[in-house]
Amino acid sequence: MSSANSVPPFRRVAPVLEPGHTYASVTEKISSIVLSRPAGTGWYLAFTLAFGLVMMLGMALAYLIAKGTGIWGINIPVGWGFAIVNFVWWIGIGHAGTLISAILLLLNQKWRTSINRFAEAMTIFAVMCAGIFPLIHTGRPWLAYYMLPYPSTMGVWPQFRSPLIWDVFAVSTYFTVSLLFWFVGLIPDLATLRDRAHSRLAQQLYGILAMGWRGSARHWHRYQSAYLLLAGLATPLVVSVHTVVSFDFAIAIVPGWHTTIFPPYFVAGAIYSGFAMVLTLAIPLRKIYGLEDFITMRHLENMAKVMLATGLIVAYGYAMEFFMSYYGGSKFETFLAHNRLTGPYWPFYWALILCNLVVPQLLWFHKVRVHVPTLFLLSLVVNVGMWLERFVIVVISLHRDFMPSAWGMYAPTFWDWATYIGTLGMFLALLLLFVRALPVISIAEMRELVAHTSEEQK
Amino acid sequence: MAQIFHRSTNFISRFTLFSGLFLVGLALLVLGAIARSPYLTNQNIAREQPVQFSHKHHVGDDGIDCRYCHTSVETSAYAGIPPTKTCMNCHSVLFSNAEYLEPVRESFRTGKSIQWVKVHRMPDYVYFNHSIHINKGVGCSSCHGQVNQMPLVWQASPLLMNWCLDCHRNPEAVLRPREQVFNMDWKAPADQAEIGRALATEYKLRTTAELVSCSTCHR
Amino acid sequence: MIERRSHIYGVMAEFDTAEQLVEATAKTVAAGYQRVNAYSPFPIEGLAEALGFRQSNVPRLTLLGGLLGGSGGFFMQYWMAAVSYPLNIGGRPLNSWPAFIPVTFECTVLGAALFAVLGMLALNKLPQPHHPVFNAPRFGLASNNRFFLCIVANDPRFDRVQTAQFLESLHAHDVVEVFDE
Amino acid sequence: MGAEGHRHEHRGGEEPEVKHDAHDPCTEELGSRVYSLDLAAIRERLAKSTGKEYWRSLEELSGNPHFEELLHREFPRQASEWDESVDRRDFLKLMAASLALAGLSGCGRKPEETIVPYVNQPAGMTPGKPQYYATAMPLGADAIGLLVESHEGRPTKIEGNPDHPGSLGATNAFAQASILGLYDPDRSQVLTYLGEIRAWSSFLESAVATAPMLKATGGAGLRILTGSVTSPTLAAQLRALLAQYPQAKWHQWETAGSDGAREGGKLAFGRYVNTVYRPAKANVIVSLDSDFLGSGPGHVRYAKEFFRRRKLSGEHAEMSRLYVLEPTPSVTGAVADHSIPMKASDVGLFARALAAKLGLGGSASVPAEREKLLEAAAADLQKHRGASFVIAGEYQPAEVHALAHAINQALLNAAAGGTVYYTEPVEMQPVNHLESLRELCADMDAGRVDTLLILGGNPVYDAPHDLDFVSKLKKARLSFHLSQYFDETSEYCQWHIPEAHYLESWSDVRAFDGTASVVQPLIAPLYQGKTAHDVIGAFSDKPGLSSYERVRNTWVGGHTEKDWRKWLHDGVIGGTAFAPMAITSKWNPASLLPAKPAPADQLEFIFRPDPSVYDGRFANNGWLQELPKPVSKLTWDNAALVSPKTAEKLGLTHRAAWTGGEHGQILSDVVDVDLAGSKVTAAAWTLPGQADGVVTLPLGYGRSKSGQTGTNKGFNAYVVRASTGIWCATGGTLRKTGLEYPLACTQYHHNMEGRELVRSASLDEYKHNPNFAHKGAEEPPKELTLYKEFAYPGYAWGMAIDLASCNGCNACVVACVSENNIAIVGKDQVMRGREMHWIRIDRYYEGSLDSPETFFQPVPCQQCENAPCEQVCPVGATLHSAEGLNDMVYNRCVGTRYCSNNCPYKVRRFNFLRFQDWETPALKLMRNPEVTVRSRGVMEKCTYCVQRINNARIEVEKENRPIRDGEIVTACEAACPAEAIVFGNANDPKSRVAKLKAQQRNYTILAELNARPRTTYLAAVRNPNPELEKPGTPPGDKR
């Protein structure tokens, strides 16, 4: 039905789906990863590592609850340290998933199809990792429910002027909606797995999850309008979430936080880091599971382009911060700018500039965008860079604010690191389980893609 | 292809889906109810005491004034629990060798205090002051109930913050003339609304905003 | 064709391609059948319309959810901050409405999303793990690469023989009777 | 959920049980590489490595026992301070406990509690109402009159006694902290003989047993060693005893006492005198290295008088002028109009020159750069004859005191009604303490001492090392030591008798002007403590009398019971103040042998009692240990202080560590001090305003036997303190060891970065432009606000702090700690920037590094009306009361720390760990029942002592009247000797605070943020001599 040969071999733009695929072949290829292909030793090794880290996270949290946040490096003036840095970082990473699946869907970008599934998974896992931190960074986590608007016997309510309350709502909404979006997308594929599974147990499990999906035309119709609506809702949501996260800082009066540029530049930064993370995951994934046909150079290159674009927005953000700090003429802001460049934490700031501004400029070159190993390295660099950005914002702004007499320094402790690395392990573990249990690429949408490409080629 | 599920699963699955949501809501309601229940507030639970002391007898029957024992109620934050001496003032003469008064006599002999079981318990971060309430015309029975009818005293009110706030927001509802403060049988008259307002102005009650400020009770 | 002493759900035809299915569906509807269902491994444009399915109510439900969530969210905050326990927070007004917007927005999105998904499921009468069509021997392929058309027995014009023949006439890959035991 | 929070808020028992443990996992961290200073680690490195530099450092190490000692003691202990840490065995239990807490917080039943009433209620006491008793705290040769707040018989808070001349209602840090000293669980609790527990009775027996032998020899072998005795009763007892045993001797050794002052008086007047000054009457004061505003007899009174004399208000714009010449910065120098760093030995020369200049004869020249100063000071003194005085420092030698006396006489300052007068000595038996101790040592050495009674004091620790007290003490056949702690001296005495705290004892004491007070106990001895009266009594011919009877007998003679009661009530015995003596100095400065200036190239080492632990007696007082020293802001350690120039010369530096940084941990060079044939290893500290070539060695640290808190903190300066140079020694060396030592410093950054936090001007500038404080950024006008302002129709509590008055004496800080149950966190936590003080005193410098102007700025919560902290709290745990207080609701706080981040003044404090001690029963008795005890994970801060506000309001409402101005006094305000802090109702135009806020000097710090603080500051005004250029530069910027 399709004829790859008709396409010239020396084309510059790779297709979103390598030719030669049929409904059956995509179904087979993707579902087999879950159903028939055994987990290799590689997977087991990776999972063991990840699980070990999760255990470390468990210990770190237990010790934290036993002793208090004093086990971390935080102090007065630096009341927020790694916990908030990691929170913002993880949330940011989450954003790419929603962006890819929702916004690109609305923009009708076909190339999203083969990456949106695990991008969404990434979102959910990242938000789970992020969600841990606001909870545990409180001095008395067991009272965190004070932040919920429930009718307490004390007759008191949350304080809705606080950005932290906005966070509670934004993050929980974001998690719920992402989960729904992901699940709705999964339903037809769950049906496929149900129908292709051999073991009774698998049939029943996938069967229950598929909720009896049978691909009826009417169902598809409602399904599609629901899916589109979710995409339409998720788009402003994702923007709002990181805007709210940026409010955590922008609403405060701390020099370096109290600025109006934060919302846009946080959102851009989020997408920036998010795409970096998608690349970090997609590149090994397509290699290991031989999905090069589905996740083609086209995808990688497009993501690289998005990174370049958002990277430039972030750069603009940095520039504006400096411009405003001098133009605004507030001695506190001016000092902060100066302190970033030359203060005790200068290596962090310059490393951030290197990772987020300098190195990514390589993406201007097509050769770099299509050179997979380089791209992989670049994505890692940007991940580090964006983490540094949050560190710079949180720590450098706090450690020297208004009263010189109260200036201090922050240095992370072993437990800061254990918690952070622990969440990395948790993220990896969830991802590994996901790869084994659910189709990493949306089969139904791939079939559509097959249909379309075959039409195009007719 | 064969059916994986029996027809009944259709009902079961839908039921579980929707009842799941319902149950969560229910659980929350139950939690809220428990928090307000005597199980946690200890409301209406009469406490056994080391001495069979009956407020009903002493106040209700003998008509002893609250202040005879709770001496500091008008002057101090604490109403004051009477020292053994106070009991002995009478009981060195009356029922001077009644079996059930032995703990009292023993305490007086040995100088070891009687350990009464606390009935009304505030968290330590709540700073309640009896004297000012008495002074502003809040009667004993408004919070403690009709102690003159309690053989063993129980906590008549939930003592939840909400309950405190109700009164601090609308003290007029319970204010009484100062001379009525220690009257256990005082009932709000029909025109309590007006009386209350009048008393509030007479006693120079602070504004609601002041009365519900956090530091009014928490320090 | 399997003989079974159980009442029949309908007759089902299997097609190779989406185009065939759409074509067949159109013909079936044209032939005056009303209780018709089409099944495909992926959404096919025009198929539902061909079945005479016009309007899904999901958007309306979503709007409703959004409005409920939003207004609920705002008034919750207003009531808690300005009515239930009005407190002086750093000299800010009791009804600091600008500060209430983020939460209001999140509530809107949450309400809308929940209504959209739950509404879609409800309208589709899902979950429904058990359904007669699953009895069709090759129906498993409906989630892979095959396309099915089913005329349900309670259709006024339904007749085991004629309907089956009618479907045969649409160049179906094959036609089976679907039973509902 | 009915009881949310409070389970975690209060009940110690419900917090996880934790053991102290030397090793705290959270010290294994990136930031503090400093921990590699641990000797073990160094050894390890050495073992592993080869190569020259390592060998060199090995030699350094092994060659230096003091250094090892310094290291050995440092780290293992730190962690176990107040930072409780987890023992691996308890770890799971602990986890379970806290997880349970987490789960059950909502729904646990209240455990049953019991009420324990009195059997016989003490007359006049009302449960729930504090009572106040007057008493007095003896310290050295002085005493300060106090009113002690007592809750149900537990003394909880110290206030000054307005009727006492030494207090006038104010107190100092030592008095405030003494309440902790009372409850200190480390105080010795049993009487021991050779380390075995004995009953008091068995001591009595052994005391009586000595009688026959003593009688036989006329007490030849009996020696009694005391500190300065200002108790008439004790003196009477001692004299009686000496009368009974004529051969016995009474020696005195007050290590921080002033032989200089005593001998100076003798030199000038031919007899011991007591000098009383009247700063209130003085227009010009020249302090020859005297810290009369911060330490020494009468300093609280002097501060009151001095600052009252300098208060500025609209109409009154006159100030006295203070010149301070000092080798090392003191709080007096810090507020001086001219403070001139000068070697201790040069101060003497300057005094001679001054005397000469004033025509008293004698002759001395001062270096050229001081000529101008000399001229100006002399002229000023001349101009204000009779209304000025020169005061010599306690640690200056006799001739400087004599010179000061001579000058005051010459200037008629000592004339009747002048600024100085002389009285009988306050000490009951003034002697030269050094000689007295030397004599005792000689006697012991010669085996002439058979029975030795040491009443208080700790000579083994603090006697000059060349007297070698220990080895001589061993020669005494029978030795008794009465002390509050089982200390260094107790170890070497057969008998140790726990001493009663002054709040537990009956005694009497004279203050700086002779006024006597009865010391009455607030509580029965907690640890069976005995008084010196009891011990001496045991040896006297009439034992068995109680201290109470002895004291009473001393005074009631010829008086009625009513008088006695009045004395107890007033806290002073009326009419006991010494009358001024009419004596004149017939001594001529010319008679002094010519002195030659100390060689400039030689380092001068001076010893000073530490501003926190004094001579070491307060070493175990956590409140004082954690108290940032007024000028250096160091806590938990002493350090060898050097001037910036000297530091450069010796190549001494410090740097902020990653952990804590400039608000916490400073890594400082370790130096070997080699002096008077002995050696000590210390951390060095560079102090602006220190005289070049002078090394200050603060006394009182390096205790080897104190308590859990005080043992092995800092270095022991007594090790190098010889009788040849008690206060000032030369001929020593100071060598850099090349190692670093972490010091806990709460404010390393002494530069305002141009933020005009402290605003100041000279008196002239002020007269020309009273509005000078408002040249900087100002609050945006209220009209510009978007929001409708909240109205505060009732009381509007506010505070005004006069920076012209604050001398950074720290009394307010300790008072706050005591009033508000503030936890101590220990050195390790202070180094992490986690100290808990609700009011901190910021110290800023202006002008040159070598002799800067110093300014102090107390910073409590500013109680902003538009509080930035409140807006960001997600649970509304901090919000505004209807009277404009920035309330902090501990039981609602979940501990996000957002409020602290958003607080521009950084006055909020967070319980990062469980800093409060929930276990020790004694400390529970100490706490103020009116204030919630905060637990882990909760933010806290200054509340303007809301408990005092509420209690006062309740009382006045019962009386149906408004609160009067001054009826509510915050703890800090009450303690302040300088009356720099004023609290009150800003809505009442007649209130003191409103009047101050109305002054033009009144300004808000960080006003441009529009937080609208209720706490405002009055700009500092100093009165430098126009003849001399004003030291320093306009407010702000030079480092």
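Values in this document were obtained by computation on a predicted structure and should not be read as measured data. Just so we're on the same page: letters track the sequence lines, and every chain starts at 1. As a basis for the values below, the full set of heavy atoms in this structure was taken, side chains included, without hydrogen atoms, waters or symmetry mates.
Rounded to the nearest 0.5 Å, atoms CE (A:M211) and CZ (B:R14) are 11.0 Å apart. Between atom OH of residue A:Y150 and atom CG of residue B:L31 there is a gap of 10.5 Å, rounded to the nearest 0.5 Å.
With a 4.5 Å cut-off on side-chain heavy atoms, B:F5 and A:I208 count as touching. With contacts defined as side-chain heavy-atom distances shorter than 4.5 Å, the pair B:L165/A:M154 does not qualify.
Of all the heavy atoms in A:T153 and B:A35, the pair that sits closest is CG2-CB, 4.0 Å.
In this structure, B:Q149 places its CD atom where more than 12 heavy-atom neighbours from other residues, nucleotides or ligands lie under 6.0 Å away. For B:K118, the NZ atom sits in a packed shell: over 12 heavy atoms of surrounding residues, nucleotides or ligands are nearer than 6.0 Å. Applying the 6.0 Å contact sphere to OH of B:Y78 captures no more than 12 heavy atoms from other residues, nucleotides or ligands.
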Test side-chain contact (heavy atoms from CB on, under 4.5 Å) applied to B:I4 and A:R194, step by step = CA-CA 9 Å; B:I4 304 171; A:R194 172 196 64 199; 3.4 Å; yes

